[in-house]
Amino acid sequence: MEKASSACRRLRHLLLPKRKPDSVVAVATSNTQAKFQNVVEKFKKLSNSGGFRAQRAPYKAAVRRLSRAGHFSHVEDILQHQKQYESIKNEHFTARLIHLYGQAKMLDHALQLFDEMPKLTARAPFSPSTPSSPPASLAELRQGDRAVRELPAKLSIEPNAITYTSAMKAFCKTGSFDDAVSLLDEMAAKGVGPDAVTFSLLLGELYHSGRYLEGENAWNLMREKGVDPDVRCYNSRVQGMVSEKKMWEAVALVREMEQKGLRPNSYTYNVLIKGFVDEGNVEEVKNWYAALQESSSAAPDIFTYLRLVPFALDCIGVDLALELCKNSAGLKKKLPVAMVRRVSDELLKHSRVEDAKHLLHLYTLPHSQA
DNA sequence: GTAGGGTTAG
């Protein structure tokens, strides 16, 4: 059955008009189609397990991957598939699916699923959690006004902290930072308290877009409102300081968060490393990489290595570059092939054939040129 | 146990 349907799909694909008659392109596209179809089938199989359905990351990753590639029918396929499981009666599960449609920018599907909730979940909707998914979906679509005004009115619900946070995200993403910040006033007027999530998002957007002073204002506002910054809030501010090349202040802030008992995570270290890489400060880059390796609350990740490998090649030495590549080989996300090749080329320049071979072998790259 | 919150560079 499955074979027949995938054969049909292939046939349909062949019958579809092609813009590019180039046979090489056609074969590549067909391979890609088959690859994504495979992703869908695998995902459906995994969905059979309740343990899998409780996880959030694989859903997000699959939807992101498929929607980025423009395979919206595949997104629909895997999300509609979830309706057959008991989990669909759990409104939290269904709310997640709604948001996933939003993340794929499939608003119509998101709202339709929301409409179906009463009959799917066997419970009346609008328990505190459910109506937050449509605003979150609208935020993904950068529609702040609709998220915070039109939709709550339509659903006869009062916007809560999550609605506002979603709207803030949408406003920031469209560059309407003033609108985002002014939502804090509106929240205060309505007695809705912002929390660490609200501020981590706002701070991140402000600092990340180069609005350092506005970020600092928001940070002070957060303190005035008695909201305790968590690791992500601190990270946003550290990142803001790094962007402003205030490395000493950034380091001091990391020390402050440690003193408060907040454990720096990989993001924290990566931001500092990025700052010192941009400064060309070899000693501090080495220090913070060592600190990250020794940390009990963080570990190097792919972003660490993406930054460090080119820097090691250019400013430190091929030995460190090789060591970094080896250290990163065990990660699920791999370094780009071109980056690994740069390191192996450098090794060959120094006639270190065995090291180069070993490196390419680690990344299962052919080394016939060697 | 259950919502809304990060980066990379070519």
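Protein chains get the first letters and strands the later ones, always in sequence-line order, with residue 1 at the start of each.
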Near-strand residues of residues 240-269 of chain A, defined as heavy-atom separation under 4.0 angstrom from DNA chain B: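 DNA chain B contact set from residues 240-269 of chain A: A/Asn265, A/Tyr267.
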Counting only distance, no hydrogens or angles, is the base of B/dG4 paired donor-acceptor with the side chain of A/Ser166 under 3.5 Å? no
Check if the side chain of A/Asp230 and the base of B/dG5 share a donor-acceptor pair of N or O atoms closer than 3.5 Å. yes
Side-chain donor-acceptor pair under 3.5 Å between [X] and [Y], yes or no?
X	Y	value
A/Gln82	A/Ser87	no
A/Tyr101	A/Gln112	no
A/Ser200	A/Ser236	no
A/Asn265	A/Thr268	yes

From the options B/dG5, B/dG4, B/dT8, select the nucleotide whose nearest atom is closest to the side chain of A/His99. B/dG4
Looking at the side chain of A/Phe303, which of B/dG4, B/dG5, B/dT7 is the nearest nucleotide? B/dT7
Atom-pair distance ([atom1] on [X]; [atom2] on [N]), nearest Å:
X	N	atom1	atom2	answer
A/Met339	B/dG10	CE	C1'	9 Å
A/Lys173	B/dT7	NZ	P	7 Å
A/Leu184	B/dG4	CG	P	20 Å
A/Glu205	B/dG4	CD	P	16 Å
A/Gln143	B/dG4	CD	C1'	17 Å
A/Tyr207	B/dT7	OH	C1'	17 Å
A/Lys274	B/dT7	NZ	P	13 Å
A/Leu272	B/dT7	CG	P	17 Å

Scan [X] against the nucleic acid and name what it touches under 4.0 Å (heavy atoms): base, sugar-phosphate only, or nothing.
X	value
A/Ala338	nothing
A/Thr198	base
A/Arg56	sugar-phosphate
A/Ala161	base

Ignoring backbone atoms, test whether A/Lys169 places a side-chain nitrogen or oxygen under 4.0 Å from the OP1 or OP2 oxygen of B/dG4.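 False: A/Lys169 side-chain N/O out of range (4.0 Å or more) of B/dG4 OP1/OP2.
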Side-chain N or O of A/His92 closer than 4.0 Å to phosphate OP1/OP2 of B/dG1: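 False: A/His92 side-chain N/O out of range (4.0 Å or more) of B/dG1 OP1/OP2.
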Cut-off 3.5 Å, no hydrogens considered: what does the side-chain donor-acceptor table look like for residues 240-247 of chain A, sequence neighbours left out?
{"unit_1": "A/Ser243", "atom_1": "OG", "unit_2": "A/Gln239", "atom_2": "O", "d": "3.1"}
{"unit_1": "A/Ser243", "atom_1": "OG", "unit_2": "A/Gln239", "atom_2": "NE2", "d": "2.9"}

Between A/Lys60 and A/Phe93, just flag the one whose closest nucleotide in DNA chain B comes earlier from the 5' side.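 The residue closer to the strand's 5' end, by nearest nucleotide, is A/Phe93.
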Between A/Tyr267 and A/Phe303, is the gap from one ring center to the other below 6.0 Å? no
When every non-hydrogen atom of A/Gly144 is compared with those of A/Phe171, the smallest separation belongs to C-CZ, 3.8 Å
Got a sec, which residues hit ring pair (Phe, Tyr, Trp, His ring centres under 6.0 Å) with A/Tyr234, two or more places apart in sequence or on another chain?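 A/Tyr234 satisfies ring pair (Phe, Tyr, Trp, His ring centres under 6.0 Å) with A/Trp219 only.
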